[in-house]
**Student:** 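Sending over a structure as structure tokens; questions will come in a sec.
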Amino acid sequence: MRPLTDEETKTMFEKLSKYIGENIKLLIDRPDGTYCFRLHNDRVYYMSEKILKLATNISRDKLVSVGTCFGKFTKTQKFRLHITALDFLAPYAKFKVWVKPGSEQSFLYGNHIMKSGLGRITENTAQYQGVVVYSMADVPLGFGVAAKTTQECRKVDPMSIVVFHQADIGEYIRSEDTLT
Amino acid sequence: MASCSVEDVLTKAERDEAEKLKGITVNKELDLEFDPGNLLAFDKNRIDTREFKDNKREDFLRSLARDNTQLLINEVWKLPTERVEEIIVAKLPDPTTSLPREKPAPKPKPPTKWEQFAKLKGIQKKKKTNLVWDEVHKEWRRRWGYKRAKDDTKEWLIEVPENADPSEDQFAKRNKAKKERVAKNEYNRLKNIARAQKIKVPGMGLAPTPRQSKAELAQAVNVAKISTASVGKFQDNLPKEKTPKNTGKKRKFQPLIGDFSSEKQKQLDLLKVMDSKKPRLDITKAVNKQMREEDRDSAQKSKKGFGKKGRRGNMSGKGKGKAGGKGKAKKGKGQKPHMKQGKR
């Protein structure tokens with residue numbers, strides 16, 4: 001386990017700011033305790049300092065996971081966000097997409113969202129903006145990337161993709177062994 | 001009639017036998033020498049030059065080859081046979097002819113430093129026993145190596161000599177001495193190898209190379225730079241030279257549980273810098289504005305042109321697609337820095 005270097009912090013913040021914008025400040029600076037990011041086995045974990053201090057008692061090879069895993073750094077130092085970060089990012093999401101009950105299932109299986117399955121979308125969503133996908137009952141389902149701006153979404157035909165799938169809560173079952 | 005036919009049959013059988021034997025038996029002046037291990041047969045018979053000079057050369061050679069091969073096969077049949085998966089196999093003996101070397105003979109290695117010295121002084125190698133009696137463990141143990149007889153490093157009690165520092169760790173001292181001896185031995189071994197293969201080994205620093213690559217030159221420059229009394233601290237850089245940071249050193253990270261507040265502050269500062277670098281959403285707003293205007297135009301036109309509504313709708317859609325496409329195309333590779341914003 002080690003703290004993130006400056007470049008790694010920058011890459012990670014850039015990725016997070018795609019989804020939550022300036023609200024990253026609220027993740028760093030919390031009123032209810034000091035939370036920090038630590039890197040272990042190329043994965044970034046978010047934990048309180050209490051948990052961190054307890055985790056220092058476990059040896060590196062025996063430590064599997066600490067706190068919540070936000071994502072991991074790939075071999076070429078790109079940051080990949082995991083679904084386990086949803087609980088922290090969903091409340092601070094700037095751009096949201098609501099998906100109709102019919103195509104909820106399809107999204108949870110890992111497919112992209114088509115215009116026909118789109119329920120609502122926040123106004124002024126830019127293209128390729130990171131979004132958080134919700135069901136119509138305001139349950140966060142996962143992350144995505146807007147394939148079209150809000151304006152374009154209105155005009156485009158029902159079979160075209162409007163949100164690219166990035167992560168969904170179905171992964172908890174599909175990739176059980178690879179999530180930590 | 002029957003007797004005639006019987007006689008005929010008998011003579012025919014005899015003739016067949018003779019022919020078969022003729023096929024198998026070969027008459028040669030000198031017997032061949034065989035090496036069944038290599039499936040080799042030496043034929044030392046003289047060749048009739050007349051037959052060779054004639055146009056029937058090919059036939060002569062073919063018949064010669066057939067005869068010799070027949071004799072060799074006869075020899076193989078004389079060997080003990082065994083059955084392997086329903087096939088009769090002959091067991092070949094060891095080959096008797098020695099084949100020449102495939103590769104050239106190895107050159108003798110030049111003597112090592114010790115060997116030179118021993119020759120000079122006339123020191124003979126004394127053969128030593130492998131096992132030595134260990135009094136402590138009361139058993140035979142190796143002279144050197146794993147679980148050897150007198151292992152210096154495994155003693156549980158070391159007396160501190162009178163003239164030694166009382167707070168010195170004698171065990172660590174012994175271990176270090178052993179490590180140094182091992183390292184010295186290894187160093188000398190490598191030097192022997194380098195001398196044998198005539199590789200130039202430098203006393204200190206880099207080995208001289210005839211044609212140096214860019215990386216090697218850079219390394220040489222760096223080594224030269226730090227070869228001063230203050231290890232290159234006061235060496236100025238050339239105009240466009242960059243100081244190399246941490247060449248070949250381990251990466252150093254912040255401590256795991258450092259100052260949390262300072263860490264937080266650094267991250268917040270990083271965020272502030274990132275925010276300031278981000279341009280405001282010019283492109284998307286502009287594109288959206290454009291699209292809204294086109295919407296309004298198309299809506300107005302559709303009100304006027306009732307029949308042509310669909311076509312207009314299509315056209316406006318295509319127009320927007322094109323405008324959007326053009327806008328997107330410009331967001332390509334580094335046209336203008338602030339245009340990269342859209343492609344997040």
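Residue numbers begin at 1 in each chain, while the letters A, B, ... track the order of the sequences. For clarity, every value in this text was computed on a predicted model and none was experimentally measured.
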**Student:** Going by distance alone, is a donor N or O of one side chain under 3.5 Å from an acceptor N or O of the other, for B/N237 and B/K225?
**Tutor:**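 B/K225 and B/N237 do have a side-chain donor-acceptor pair below 3.5 Å.
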**Student:** So, are B/R292 and B/E294 salt-bridged, with charged N and O less than 4.0 Å apart?
**Tutor:**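 No, B/R292 and B/E294 are not salt-bridged.
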**Student:** Answer with side chain, backbone, both or neither: which region of B/L256 has an atom nearer than 4.5 Å to a non-hydrogen atom of chain A?
**Tutor:**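 Looking at B/L256, backbone and side chain both touch chain A.
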**Student:** In terms of heavy-atom proximity below 4.5 Å to chain B, should A/T5 be classed as side chain, backbone, both, or neither?
**Tutor:**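 Just its side chain gets close to chain B.
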**Student:** Side chains of A/Y172 and A/T84: is there a donor and an acceptor less than 3.5 Å apart?
**Tutor:**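 Their side chains do not contain a donor-acceptor pair, so the 3.5 Å distance test is not met.
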**Student:** I need the contact set between residues 49-75 of chain A and chain B: heavy-atom distance under 4.5 Å, sorted by residue number.
**Tutor:**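 Answer by number: A/E49, A/L52, A/K53, A/T56.
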**Student:** Which is it for A/Y45 and A/T180 under the side chain to side chain contact (heavy atoms under 4.5 Å, CB included) test, yes or no, and what are the steps along the way?
**Tutor:** CA-CA 10 Å; A/Y45 295 98; A/T180 50; 3.1 Å; yes
**Student:** Do the charged groups of A/R38 and B/E263 touch, with an N to O distance under 4.0 Å?
**Tutor:**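 Between B/E263 and A/R38 there is a salt bridge, with a charged N closer than 4.0 Å to a carboxylate O.
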**Student:** Any idea which of A/R2, A/K25, A/M1 has the most non-hydrogen atom pairs under 4.5 angstrom with chain B?
**Tutor:**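 Ranked by contacts with chain B, first place is A/R2.
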**Student:** Parallel, tilted or perpendicular, judged at 30° and 60°: which one describes the rings of A/F164 and A/H112?
**Tutor:**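 Taking A/H112 first and then A/F164, their aromatic rings stand perpendicular (interplane angle over 60°).
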**Student:** Between the side chains of A/D29 and B/K264, is the shortest nitrogen-to-carboxylate-oxygen separation below 4.0 Å, so that they form an ion pair?
**Tutor:**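 Answer for the salt bridge query: yes.
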